[in-house]
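What follows is one structure encoded as structure tokens, with my remarks underneath.
A quick note: this is a predicted structure, and the numbers were derived from the prediction, not measured.
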Amino acid sequence: MAYDHRSIEATWQKRWEDEELYRARVDWDRPKHYALTMFAYPSGDLHMGHWYAMTPSDARARYQRMKGYNVLFPIGFDAFGLPAETAAVQRGVHPARWTWQNIDRMRSQLRSMGAMFDWQREAVSCEPDYYKWTEWFFKKMFERGIAYRGEAMVNWSPTLQTVLANEQVIDGKDERTGQPVIQKLMEQWFFAITRYADELLDFEGIDWPEPIKTMQTNWIGRSEGARVDFTIPDGDAVGEKLTVFTTRPDTLWGATFMVIAPEHPLVGSITTDDQRDEVERYVAAAASRTELERTAEDKEKSGVFTGGFAVNPVNGEKVPVWVADYVLISYGTGAIMAVPAHDQRDFEFARSFGLRIVPVIQPEGQDPLHEPSMTGSYVGPGVMTNSGPLDGVAVTEKKGRANPSIAAALDWLEANGAGTESINFRIRDWLISRQRYWGSPIPMIHTADGAVEAVPDADLPVILPEDVEFHGRSPLVETPEFLAVTDSTGAPARRETDTMDTFMCSSWYWFRYLSPQFDEGPFDPEEAAYWLPVDTYTGGAEHAVMHLLYARFFVKAMRDMGVFSETEAAMIAHERQPDQLFDEPFTMLRNQGQILGEERIGDRLVIAADEVDGRYVATSVRVEPDADDAAGDVVGELMRRTENILQVQDGAAVVTVEVPDSATIQVPNVPGANEVNQLKHHLEIQRMSKSKGNVVNPDELVVDFGADTVRTYLMFAFEWQKGGPWNSQGIMGSRRFIEDVWKIGTVDYAPSSETDDASVALRRRIHQTIDRVDNGMNTFKWNTSVAALMALRNEMTDAARRGSVSAAVWNEGVDTMLKLLAPIAPHITEELWRLRGNDVSIHLQAWPLFDSAIAAEDMITMVVQVNGKVRDRIEVPADVTTEDAESLALASERIREWTEGTTIRKVISRPPKLVSIVAN
RNA sequence: GCCCGGGUGGCGGAAUGGCAGACGCGGCGGACUCAAAAUCCGCUGUCCGAAAGGGCGUGUGGGUUCGAAUCCCACCCCGGGCACCA
């Protein structure tokens, strides 16, 4: 019987759906497992990246199910967002139509995966049923004072009179029109995520990757220090206070100037008339630069003097106030005190503009720091100097109060009313306003007197008007029927036209999955009481900070708003303790990498080279796609480049060529003599554009090879956390494996040369495979699980050919292999399982039990090293004693040759694996 | 620039501080075939060697250790994120 993946996959997908095999229902008698894969954006076609994210997660959900859990594995669409609106502007398709077409298409593509999605729980964030509750959450946030109005910078296109997304701005210009974009302050809606900053730093009780926790910790950026007020002594701003936050209050006596952000509210009043033109020019220029450009530390320091001064409260000194764009209005107070002697950025700034540098920390055992001879700031430990009351206090490398000098400074500031001990966070409040159409409306009303009030619950959701046109800016601002409302007193008012950041939709979707039709609240407490929290969350590491931090914040805010009170009551009714279950959304998190397009064929290079000491050193290199083999000393495809070393496939051999600076380079479309750097650049650009442009279409592969093969390949060919470029040849190995499984599952096995040894050996291998597949599943290293199954396939194929094992062991092998493979390749294993006479789905079977006694090897190859090098291998019993291992090693003929004429200094034994002999 | 991760054969990758390269792709050789494909068998890090065997080898340089892909320090390169892509 031939393996026909098309009919097998179609048949089983239909039967599973008809039989509701993957419906997840609350069952308090069974342990639950909520497996979640990240909310999918309906971008159009399902691509290999979706398969890569979802099918291993599906396999693990299936594995958990066979392990005895009642598993929920839902799916839905993150359907609001910028691309739909871009399609509307560019191609005249309504965002809703574009989005729903994509969703329909992706639904059918997703079904071809054979995943155990419970489609009856599907949720789509652009449906009014869904965004009603997104709006409801906003209202809750507003009522609790978490949602508030504030000012933030936007990318403003004066030409289009609209706000642009960061990705629409390239080099300070609109990517489509090429017109300039400026940074502009605008009043918008925020969520006060900073109130949860301290709690978000606590990852206790959740199993998340260390790097993600580190990135979030750094993003939140808690630092301890002091707030200090500098006072403006004269001019228009006389009496105003410039507040700075500093982590180094001990260096206040060395503060010789101040720097404020170009957007600082006091810029105008501090600036003197002489300096006004220059300052205004500088502020305007800063508005055209992105934050990333402004803070990059390798750039030249820029800044201008305002002409104004401020008084340093610790010593009464007047210090000049400068404006510079490396100070950001969004971080700290938007003003800094500059201590050039002990901060490198301040030092460079001071040297660029000839500002005073006063050392206040004296490194011990060195000559006193002397300003003119300093070549950089000093940031190490020492003793305070030039600092009045702090002189002589020790400075360590510790942060905060743990550093004696900082502790002394804080005490002095508080005692003298010059400043307050304070904690600053790098994280900013979450800007949730978007000046766009295709998002969840913000359910707020602007009254005639300038106040804001929430839309009454009975009027939720605020529905997006459908009959609108797209010219560039949000149609909401020009749709009178949408704008015109009455406030709570019945007076005419204006509806809020900002919509919400789509991260808002994706901050609670896993709650909606629990009960997408529920209309009495965002989710059904009875479902939530059983399924929450999410046990396994899988998705891309590109979401390490923002989405995952917003999601954590959201759940904590929900908890504090009492959203879970009914859920908690339901839990208690079922004797489940709700303690701390609503502190974090995702108990376990794992990230996959990205699948890139297939790597292109490399550049064909023609190289003239000299052979020097067996290496090739190029005198000229040119890139020429159709060069003849005889065109140079080395001609062929570039396989790899590392720095100025090229590896070129020249005929059958890979030749390594060094390209010195003296070589002449010719790159197409770049006239004249080129440098090595240009060659590198050319090769780099080609690679990237190609790898990003080559989209691999899973549909064709599913038709040609079957979903089981594609799933197996995706789980086998990559290190899941890392990802990598697609390789269209590699998939044949997985196809052959699946075909071999078919042969093993359908062969009419009859022992012909059966031996007990062979049966014992195969059983051993079967149990070793259970262990290895288990390990791979538990550690998300699917490739090792598949490799173990392939190795078992090799043994089974061999046993079948020889007829060397008993029928009972053969059948144990087939059944075990099918069960172990079932999560990875669900269709073929189901088909073979049924063909073998089983009535109940393989996906409802219990996972095979591992027996370590059966898996144990009785003989082990022991390695014998002499001075760290392997010199012999000896077969020993697995339970060999240290004494026996050493005497066997020392008695070895080969070891005696290697130790002859030397004295044995030491013998290290790690029986049964290794004996290491040190001799000289 | 800052934060996080990675670098192992021609390629994807494996390896609780203890045999580097499991498993697979590709390649080479052979069987089957009129032939090709498919399939099956064998070999396949690299250099020296007829072989036995030996030297070298996990981005680069140093260190710890009887022993390092694995731990430590410095550097180079690649990927992700940097708050309006999601």
Base of B/rC4 paired with side chain of A/Gln216 (donor-acceptor, under 3.5 Å): no
Validation row: A/Leu185, A/Ile329 side chains within 4.5 angstrom (heavy atoms): no
B/rA22 OP1/OP2 closer than 4.0 Å to side-chain N/O of A/Asn794: no
Polar pair under 3.5 Å, donor/acceptor by atom type, side chain A/Arg436, base B/rC84: yes
Sugar-phosphate, base or nothing in reach of A/Val545, heavy atoms under 4.0 Å: nothing
Chi-based syn or anti call at B/rG9, which uses purine or pyrimidine torsion atoms and a 90° bound: syn
Sugar-phosphate only, base, or nothing, as touched by A/Met215 at under 4.0 Å among non-hydrogen atoms: base
Whole angstrom value for the distance that separates P of B/rA14 from CD of A/Glu719: 5 Å
Gap separating the CZ atom of A/Arg910 from the CD atom of A/Gln865, nearest 0.5 angstrom: 11.0 Å
Touch class at under 4.0 angstrom, heavy-atom based, for A/Glu85 against every strand present: nothing
Nearest to side-chain heavy atoms of A/Lys869, which nucleotide of B/rC4, B/rG24, B/rG55: B/rG55
Full working for ring-ring contact (aromatic ring centres under 6.0 Å, His included) between A/Phe349 and A/Tyr326: CA-CA 10 Å; A/Phe349 194 86; A/Tyr326 74 91; 5.7 Å; yes
Touch class at under 4.0 angstrom, heavy-atom based, for A/Tyr41 against every strand present: sugar-phosphate
Sugar-phosphate only, base, or nothing, as touched by A/Leu431 at under 4.0 Å among non-hydrogen atoms: base
Below 4.0 Å: OP1/OP2 of B/rU39 and any side-chain N or O of A/Arg736: yes
Base partner of B/rC84, which must satisfy Watson-Crick or wobble distances under 3.5 Å: none
Partner nucleotide of B/rG79 by Watson-Crick or wobble geometry (both distances under 3.5 Å): B/rC4
Inter-nucleotide P distance (B/rC11, B/rU16), Å rounded: 23 Å
Phosphate OP1/OP2 of B/rA14 contacted by A/Asn783 side-chain N/O (<4.0 Å): yes
Complementary nucleotide for B/rG49 - Watson-Crick or wobble, under 3.5 Å: none
Nearest to side-chain heavy atoms of A/Asn155, which nucleotide of B/rG18, B/rC23, B/rC84: B/rC84
Sole residue of A/Trp430, A/Phe191, A/Trp508 in side chain to side chain contact (heavy atoms under 4.5 Å, CB included) with A/Tyr550: A/Trp430
Listed nucleotide nearest any side-chain atom of A/Met546, set B/rC3, B/rC19, B/rA86: B/rA86
Whole-Å gap separating C1' (B/rC40) and CD (A/Glu739): 14 Å
Audit row: A/Lys743, A/Glu739, salt bridge (charged side-chain N to carboxylate O under 4.0 Å, His left out) steps and yes/no: CA-CA 6 Å; A/Lys743 286 177 199 155; A/Glu739 283 173 358; 5.4 Å; no
A/Lys913 side chain near B/rG18 phosphate (N/O to OP1/OP2, under 4.0 Å): no
Rounded distance (Å) that lies between atom P of B/rA22 and atom CD of A/Gln768: 17 Å
Interatomic distance, A/Arg222 CZ vs B/rC3 P [rounded to whole Å]: 20 Å
Sugar-phosphate, base or nothing in reach of A/His547, heavy atoms under 4.0 Å: nothing
A/Arg552 charged N/C atom sitting above A/Trp208 aromatic ring, 6.0 Å / 45°: yes
Side-chain donor/acceptor contact of A/Gln865 with base of B/rG18 under 3.5 Å: yes
Which nucleotide in B/rG54, B/rC4, B/rA83 has an atom nearest any side-chain atom of A/Arg871: B/rG54
Nearest-Å distance for atom pair CD/P, residues A/Gln183 and B/rA83: 11 Å
Any A/Trp898 side-chain nitrogen or oxygen under 4.0 Å from OP1 or OP2 of B/rG54: yes
Touch class at under 4.0 angstrom, heavy-atom based, for A/Val163 against every strand present: base
Among B/rA83, B/rG13, B/rC4, the one nearest A/Ile427 by side-chain distance: B/rA83
Whole-Å distance separating the CZ atom of A/Arg772 from the P atom of B/rA15: 9 Å
Candidate nucleotides B/rG80, B/rC40, B/rG18, ranked by approach to the side chain of A/Leu914 - the nearest: B/rG18
Nucleotide B/rC85, atom P - distance to CE of A/Met504 in whole Å: 18 Å
side-chain N/O A/Arg434 vs B/rC84 OP1/OP2, d < 4.0 Å: yes
Any A/Thr784 side-chain nitrogen or oxygen under 4.0 Å from OP1 or OP2 of B/rA14: no
Pair A/Gln592-A/Thr538, side-chain donor/acceptor within less than 3.5 Å: no
Proximal nucleotide (of B/rC66, B/rG26, B/rG7) relative to the A/Gln729 side chain: B/rG26
Phosphate OP1/OP2 of B/rG54 contacted by A/Arg894 side-chain N/O (<4.0 Å): yes
Which nucleotide in B/rG6, B/rC66, B/rG24 has an atom nearest any side-chain atom of A/Lys722: B/rG6
Any N/O donor-acceptor pair, A/Gln435 side-chain to B/rC84 base, under 3.5 Å: yes
Sugar-phosphate, base or nothing in reach of A/Ser916, heavy atoms under 4.0 Å: base
Sugar-phosphate only, base, or nothing, as touched by A/Gly81 at under 4.0 Å among non-hydrogen atoms: sugar-phosphate
Side-chain donor-acceptor pair present, A/Trp438, A/Ser474, cut-off under 3.5 Å: no
A/Glu857 versus A/Gln768, side-chain donor and acceptor atoms under 3.5 Å: yes
Sugar-phosphate only, base, or nothing, as touched by A/Val154 at under 4.0 Å among non-hydrogen atoms: base
Side chain of A/Thr502 - closest among B/rA14, B/rA86, B/rC3: B/rA86
Base-pairing mate for B/rG29 - Watson-Crick or G-U, with both contacts under 3.5 Å: B/rC41
Full working for ring-ring contact (aromatic ring centres under 6.0 Å, His included) between A/Phe718 and A/Trp720: CA-CA 5 Å; A/Phe718 304 89; A/Trp720 191 64; over 10 Å; no
Residue A/Lys781, side-chain heavy atoms: nucleotide from B/rA86, B/rC84, B/rA15 that is nearest: B/rA15
Phosphate contact (B/rC41 OP1 or OP2) by A/Arg801 side-chain N/O below 4.0 Å: yes
Which residue lies more 5' along RNA chain B, comparing A/Glu210 with A/Arg426 via nearest heavy atoms: A/Glu210
Spacing of A/Asn727 atom CG relative to B/rG10 atom P, expressed in whole Å: 16 Å
